[in-house]
Amino acid sequence: MSADEMTAGDRRMLIGIVKQRERVAKAAAAERSAHLLADFERQLDQEFSFNDNTVWKEATAIAEAAVAEAAAKIKAECQRLGIPPEFAPYMNLSWYSRGENASKERRAELRNVAARTIAAAEKTAKLAIEKQSVETQEKIMSSGISSAAARLFLESMPTVESLMPQITVPAMKAIAGPART
């Protein structure tokens, strides 16, 4: 059965199904956003031990040996100079398991960027879902339109681009007026 052969009842039922699918797809987009944010949080919280990787473990052993040798030289020089042990400088080795993610401020900044990016992606997905739903509904419903006037009316609806033209710097300067110093 082609779209032209559908009954009014068929069209109503199909429109109902399309709207239900749209609602479910939008809920799925919101759920996807939540999962993306949770996955991002997991990535932010990840820590790496030098024992997690053979190369890191070997490099740490080499660094520890070098630091121990340097520390012994520093200790000997402090003794020669008469510096009491409690005041003597010392050297140690540190492994930073989180890199820049150890910084609370950096994690907050990255979390903010991720949340905005995910929110924008969800809006884009929901718009695409709505657009597809409307296009499908239009195909279903337009098959029942028989007059040329009605078809012309549908074709004359304005586009978003025509309603919201491109913004240019010169146009904004004209609206804002001269620069203030």
Side-chain angles (χ1 to χ4, degrees), residues 12-72 74-75 86-141 157-173 175-176 179-180:
R12 276 193 302 278
M13 273 202 271
L14 283 172
I15 293 294
I17 292 169
V18 169
K19 287 181 180 181
Q20 287 175 344
R21 287 183 178 179
E22 176 185 349
R23 191 170 37 259
V24 169
K26 285 180 180 179
E31 180 185 30
R32 175 79 174 145
S33 290
H35 285 286
L36 289 172
L37 200 50
D39 182 59
F40 182 77
E41 287 290 340
R42 181 194 56 74
Q43 291 176 55
L44 272 184
D45 291 342
Q46 196 168 11
E47 294 186 30
F48 303 95
S49 171
F50 68 90
N51 286 323
D52 291 345
N53 180 290
T54 306
V55 172
W56 298 345
K57 192 173 185 176
E58 289 173 7
T60 301
I62 292 168
E64 284 173 340
V67 167
E69 182 182 333
I74 291 168
K75 183 178 180 181
E86 62 271 16
F87 298 136
Y90 65 93
M91 179 181 284
N92 64 14
L93 175 68
S94 296
W95 175 266
Y96 297 99
S97 62
R98 294 187 77 182
E100 67 181 30
N101 287 352
S103 163
K104 185 178 180 179
E105 292 80 18
R106 180 64 173 156
R107 283 192 315 274
E109 178 184 10
L110 292 172
R111 192 176 287 120
N112 235 346
V113 171
R116 287 193 311 268
T117 302
I118 291 168
E122 182 180 335
K123 282 184 178 185
T124 300
K126 285 182 175 180
L127 176 61
I129 290 163
E130 288 177 1
K131 186 176 179 182
Q132 182 181 17
S133 176
V134 167
E135 287 171 359
T136 303
Q137 291 176 57
E138 185 177 316
K139 285 178 188 175
I140 294 166
M141 296 306 288
M157 292 182 72
T159 64
V160 171
E161 290 77 14
S162 69
L163 296 172
M164 297 177 68
Q166 180 72 36
I167 293 176
T168 64
V169 172
M172 294 305 103
K173 284 182 177 180
I175 291 169
R180 295 182 212 133

What are the two closest non-hydrogen atoms of [X] and [Y], and how far apart are they?
X     : Y      : result
Ile74 : Pro89  : CG2-O, 3.6 Å
Trp56 : Asp52  : CZ3-CB, 4.0 Å
Ser33 : Glu122 : OG-OE1, 2.6 Å
Met91 : Ala70  : SD-CB, 3.6 Å
Ala29 : Ile129 : CB-CD1, 4.4 Å

Side-chain heavy-atom pair [X], [Y] within 4.5 angstrom cut-off:
X      : Y      : result
Leu110 : Asn101 : yes
Asp39  : Gln43  : yes
Thr136 : Leu14  : no
Phe48  : Asn53  : no

Polar contact flag, side-chain donor to acceptor under 3.5 angstrom, Gln137-Ser133: yes
I'd like to know whether Lys139 forms a salt bridge (Lys or Arg N to Asp or Glu O under 4.0 Å) with Glu135, so could you lay out the CA-CA distance, the side-chain angles of the two residues, the decisive distance to 0.1 Å, and finally the verdict. CA-CA 6 Å; Lys139 285 178 188 175; Glu135 287 171 359; over 6 Å; no
Can you tell which of Arg106, Arg107, Arg111 makes a salt bridge (charged side-chain N to carboxylate O under 4.0 Å, His left out) with Glu109? Arg106
Starting from the C-alpha separation in whole Å, work towards a yes-or-no answer on side chain to side chain contact (heavy atoms under 4.5 Å, CB included) for Leu93 and Thr60. CA-CA 9 Å; Leu93 175 68; Thr60 301; 4.2 Å; yes
With rounding to the nearest 0.5 angstrom, report the [atom1] to [atom2] distance, [X] to [Y].
X      : Y     : atom1 : atom2 : result
Leu127 : Lys26 : CG    : NZ    : 9.5 Å
Glu58  : Thr54 : CD    : OG1   : 6.5 Å
Glu31  : Leu36 : CD    : CG    : 10.5 Å

With a 3.5 Å distance limit and no angle check, can you tell me whether Arg98 reaches the backbone of Leu44 through a side-chain donor-acceptor pair? yes
Treating Ser162 as the side-chain partner and Thr159 as the backbone partner, does any N or O pair qualify as donor plus acceptor under 3.5 Å? yes
Quick check: are there more than 12 heavy atoms from other residues, nucleotides or ligands sitting under 6.0 Å from CD1 of Ile167? no
Mark yes when over 12 heavy atoms from residues, nucleotides or ligands other than Met164 sit less than 6.0 Å from its CE; otherwise mark no. no
Begin with the C-alpha distance, continue with both residues' side-chain angles, and end with the deciding distance and a verdict on side chain to side chain contact (heavy atoms under 4.5 Å, CB included) for Val24 and Gln20. CA-CA 6 Å; Val24 169; Gln20 287 175 344; 5.6 Å; no
Would you call Lys126 and Glu130 a salt bridge, taking side-chain N to carboxylate O under 4.0 Å as the test? no
Quick one, Ile15 with Lys19, criterion side chain to side chain contact (heavy atoms under 4.5 Å, CB included). Give me CA distance, side-chain angles, the key distance, then yes/no. CA-CA 6 Å; Ile15 293 294; Lys19 287 181 180 181; 3.7 Å; yes
